[in-house]
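Below is one structure, written out as structure tokens; comments come after it.
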Number of protein chains: 2
Amino acid sequence: MEYRLHRLYSLRADESGDDLPDDPTRIPPAVVRRLALYSRALSDLELQNQEKVSSSDLADLLGINSAQVRKDLAYFGQFGVPGFGYYVKDLRENLKRILRTDTDVKVILVGVGNLGSALVSYGGFNRQGFRMTMAFDADRRKVGAARGDLAIHHIDELEAKVHESGADIAVLAVPADVCQAMADRLVKAGIHGILNFVPRRLNVPENVKVHYVDLSIEMETLSYYLRNQD
Amino acid sequence: MEYRLHRLYSLRADESGDDLPDDPTRIPPAVVRRLALYSRALSDLELQNQEKVSSSDLADLLGINSAQVRKDLAYFGQFGVPGFGYYVKDLRENLKRILRTDTDVKVILVGVGNLGSALVSYGGFNRQGFRMTMAFDADRRKVGAARGDLAIHHIDELEAKVHESGADIAVLAVPADVCQAMADRLVKAGIHGILNFVPRRLNVPENVKVHYVDLSIEMETLSYYLRNQD
DNA sequence: TAGATTGTTAATCGATTAACAATC
DNA sequence: TAGATTGTTAATCGATTAACAATC
């Protein structure tokens with residue numbers, strides 16, 4: 001059958017230690033997001049000493065359909081055992097490798113205000129292998145003061161320090177009126193990804209990715225459904 | 001033509017001050033989210049004294065298709081003038097009414113840790129008409145201390161105070177191991193919506209809405225595309 | 001009126017789910 | 001082997017976009 005053939009290809013790919021699809025950038029963001037959720041669920045299961053898990057187990061944990069779990073995984077290869085399910089440890093390792101969270105990822109923080117400070121101490125990033133290596137702020141009174149174990153530099157030093165930091169992701173949490181200017185500087189300094197907490201759309205070159213975390217919009221969307229419920 | 005007929009219906013609905021669709025809960029969340037983005041963009045345009053805006057102007061501002069702008073609005077009625085566009089002020093007011101952000105919305109905060117504290121001072125909520133009226137924490141040392149102009153109560157008082165607060169939305173920012181228990185208490189106390197910053201899925205009754213803001217997953221999704229780019 | 005843009009329909013595109021042969 | 005679950009295809013569902021008559 002045809003998919004037997006695919007399987008052979010996939011196994012061969014496995015042996016070469018690489019089963020990424022032809023173009024990993026073509027994977028729908030929704031799929032990547034769920035992959036990260038599977039990975040986290042599998043970590044939990046591993047802590048509970050679960051050895052095996054089925055696609056419907058995983059689906060139930062996330063509140064989705066089991067076919068979706070299998071289809072998402074199928075983008076990257078074959079990780080399960082028909083009639084059995086998946087080995088928790090094995091699948092988790094595969095997902096970490098695919099998501100590239102098997103090695104630490106360095107990020108810098110730009111804007112050490114209320115939200116920025118909170119993000120420094122937010123445990124979730126560290127737990128997933130994201131290391132905040134440096135922070136920058138325009139307020140000289142904040143410079144030097146280490147929040148957590150992180151040194152804060154003045155924003156004037158951004159260009160000079162970014163390369164040293166080794167980061168290619170920036171968390172942006174600056175006032176709205178300077179966010180585009182700051183994004184421009186970050187891009188020039190070699191940053192390729194921005195997690196933007198500022199409620200403004202950023203214009204960046206094609207090769208730079210921006211993800212928006214827009215707290216007010218989330219709140220408004222939630223609010224709409226509540227207030228129209230009854 | 002048929003849609004002339006619709007228009008008449010719509011106008012009649014307008015006159016009665018109500019042009020919500022038959023079942024407002026059936027509107028896709030993606031549409032509601034964009035409506036909130038349109039509303040914000042229109043506020044900006046109003047500040048710049050723009051009087052008119054076309055669907056393609058708005059689309060360009062958000063980086064989407066102009067047909068989508070028109071279709072999103074069409075769920076709720078007809079707000080434009082063919083051959084002209086939309087009056088900024090008029091459309092903004094209509095959207096605020098639809099989103100029900102023309103009146104303040106009260107929210108409580110549960111968990112005054114690093115992230116919780118930052119959310120108190122986060123200006124974005126206030127600006128959009130969300131008022132944090134109370135906060136709760138399990139640490140008695142935090143109780144009483146007002147952060148911003150917000151009193152912090154001990155979590156034991158949750159049930160007693162929620163009703164008094166008049167809120168039906170809670171922002172949840174507690175440690176992961178207590179988040180389900182806390183969600184249960186919130187629901188019993190009469191909360192109908194939860195903006196959940198804890199990286200855990202919550203089990204709640206049908207009539208309660210949960211929105212997830214999962215910072216690590218956003219970061220991982222961003223990271224995936226970067227590290228697979230070149 | 002001529003030019004511009006709406007509101008709507010139909011076409012397209014993409015994502016989710018159902019079903020099942022293949023497999024362990 | 002019998003029972004269970006995978007990986008895949010096809011069907012369904014939903015969301016986005018193109019096109020254009022209606023309108024100002």
Side-chain angles (χ1 to χ4, degrees), chain A residues 1-11 13-14 19 21 23 25-35 37-38 50-60 62-88 90-91 94, chain B residues 1-11 13-14 19 21 23 25-35 37-38 50-60 62-88 90-91 94:
Chain A
M1 297 294 96
E2 204 193 0
Y3 72 83
R4 180 72 256 202
L5 210 61
H6 282 178
R7 164 137 238 189
L8 288 174
Y9 282 131
S10 175
L11 284 175
D14 253 347
D19 53 7
D23 185 352
T25 63
R26 289 283 151 70
I27 307 291
V31 173
V32 176
R33 182 167 285 120
R34 282 194 298 268
L35 248 40
L37 289 168
Y38 302 152
Q50 290 272 354
E51 202 186 315
K52 65 152 284 191
V53 69
S54 70
S55 57
S56 16
D57 293 340
L58 269 177
D60 291 348
L62 307 210
I64 61 176
N65 183 290
S66 73
Q68 184 151 70
V69 174
R70 298 195 295 278
K71 193 147 206 298
D72 286 345
L73 297 175
Y75 278 98
F76 298 91
Q78 297 178 119
F79 307 103
V81 183
F84 172 82
Y86 305 85
Y87 287 98
V88 171
D90 177 62
L91 183 56
N94 271 300
Chain B
M1 298 293 98
E2 205 193 1
Y3 73 82
R4 180 73 257 199
L5 211 61
H6 282 178
R7 165 138 237 189
L8 290 175
Y9 281 133
S10 175
L11 284 175
D14 253 349
D19 53 7
D23 185 353
T25 63
R26 290 284 150 71
I27 308 291
V31 172
V32 176
R33 183 166 285 120
R34 283 194 297 269
L35 248 39
L37 290 167
Y38 302 151
Q50 290 272 356
E51 203 186 315
K52 65 152 283 191
V53 69
S54 71
S55 57
S56 15
D57 293 339
L58 269 178
D60 290 348
L62 307 210
I64 61 176
N65 183 290
S66 72
Q68 185 153 68
V69 175
R70 298 195 296 279
K71 193 149 207 296
D72 286 346
L73 297 175
Y75 278 98
F76 298 90
Q78 296 179 116
F79 307 102
V81 184
F84 172 81
Y86 304 85
Y87 287 98
V88 170
D90 177 61
L91 183 56
N94 272 299

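Numbered from 1 within each chain, the chains take letters A, B, ... in sequence-line order.
- By the side-chain contact (heavy atoms from CB on, under 4.5 Å) test, P29(B) pairs with Y225(A), sequence neighbours left out.
- A distance below 6.0 Å separates the ring centres of Y87(A) and F84(A).
- By the side-chain contact (heavy atoms from CB on, under 4.5 Å) test, Q50(A) pairs with L45(A), Q48(A), V88(A), sequence neighbours left out.
- Heavy atoms of S55(B) sit under 4.0 angstrom from primed sugar atoms or phosphate atoms, though from no base atom.
- Atom C1' of nucleotide dG14(D) and atom CZ of R26(B) are separated by 14 Å, given to the nearest angstrom.
- Whole-Å rounding puts the L91(A) CG to dT6(D) C1' distance at 12 Å.
- Listed here is the closest heavy atom pair of A59(B) and N65(B): CB-C, 3.7 Å.
- Between D57(A) atom CG and dA4(D) atom C1' there is a gap of 12 Å when expressed in whole angstrom units.
- Heavy-atom distances to DNA chain C give each of V31(A) and V81(A) a nearest nucleotide, and the one nearer the 5′ end belongs to V31(A).
- S56(A) is linked by a side-chain contact (heavy atoms from CB on, under 4.5 Å) to S54(A), S66(A), counting only residues two or more places apart in sequence or in another chain.
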TODO: Give DNA chain C the dot-bracket treatment, 5' to 3': Watson-Crick (N1-N3 with N6-O4 or O6-N4) or G-U (N1-O2, O6-N3) under 3.5 Å, [ ] crossing, | other strand.
DONE: ..||||||||||||||||||||||

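- Contact between the side-chain N/O atoms of Y87(B) and the OP1/OP2 oxygens of dT6(C) is not found at any separation under 4.0 Å.
- In terms of the side-chain contact (heavy atoms from CB on, under 4.5 Å) criterion, D60(B) has no residue partners (sequence neighbours excluded).
- An OP1 or OP2 oxygen of dA15(C) is reached within less than 4.0 angstrom by no side-chain nitrogen or oxygen of Y75(A).
- Spacing between atom CZ of R33(B) and atom P of dA15(D) amounts to 12 Å, rounded to whole angstrom units.
- The side-chain heavy atoms of I27(A) and F76(A), taken from C-beta on, include a pair separated by under 4.5 Å.
- Among residues two or more places apart in sequence or in another chain, the salt bridge (Lys or Arg N to Asp or Glu O under 4.0 Å) test is passed with R34(A) by D72(A).
- Inter-residue side-chain proximity for F79(A) and R70(A) is flagged as unmet; no heavy-atom pair is nearer than 4.5 Å.
- Separating the CD1 atom of I27(B) from the P atom of dT16(D) is a distance of 13 Å, rounded to the nearest angstrom.
- In the set dA15(C), dC24(D), dT8(C), the nucleotide with an atom closest to the side chain of A74(B) is dT8(C).
- Of all the residues in residues 63-73 of chain A, R70(A), K71(A) reach under 4.0 Å from DNA chain D with at least one non-hydrogen atom.
- Here dT5(D) presents its P atom at 11 Å from OH of Y86(A), a figure rounded to the nearest Å.
- An OP1 or OP2 oxygen of dT8(D) is reached within less than 4.0 angstrom by a side-chain nitrogen or oxygen of Q78(A).
- Within 4.0 Å of R34(A), counting heavy atoms only, lie sugar-phosphate atoms of the nucleic acid but no base atom.
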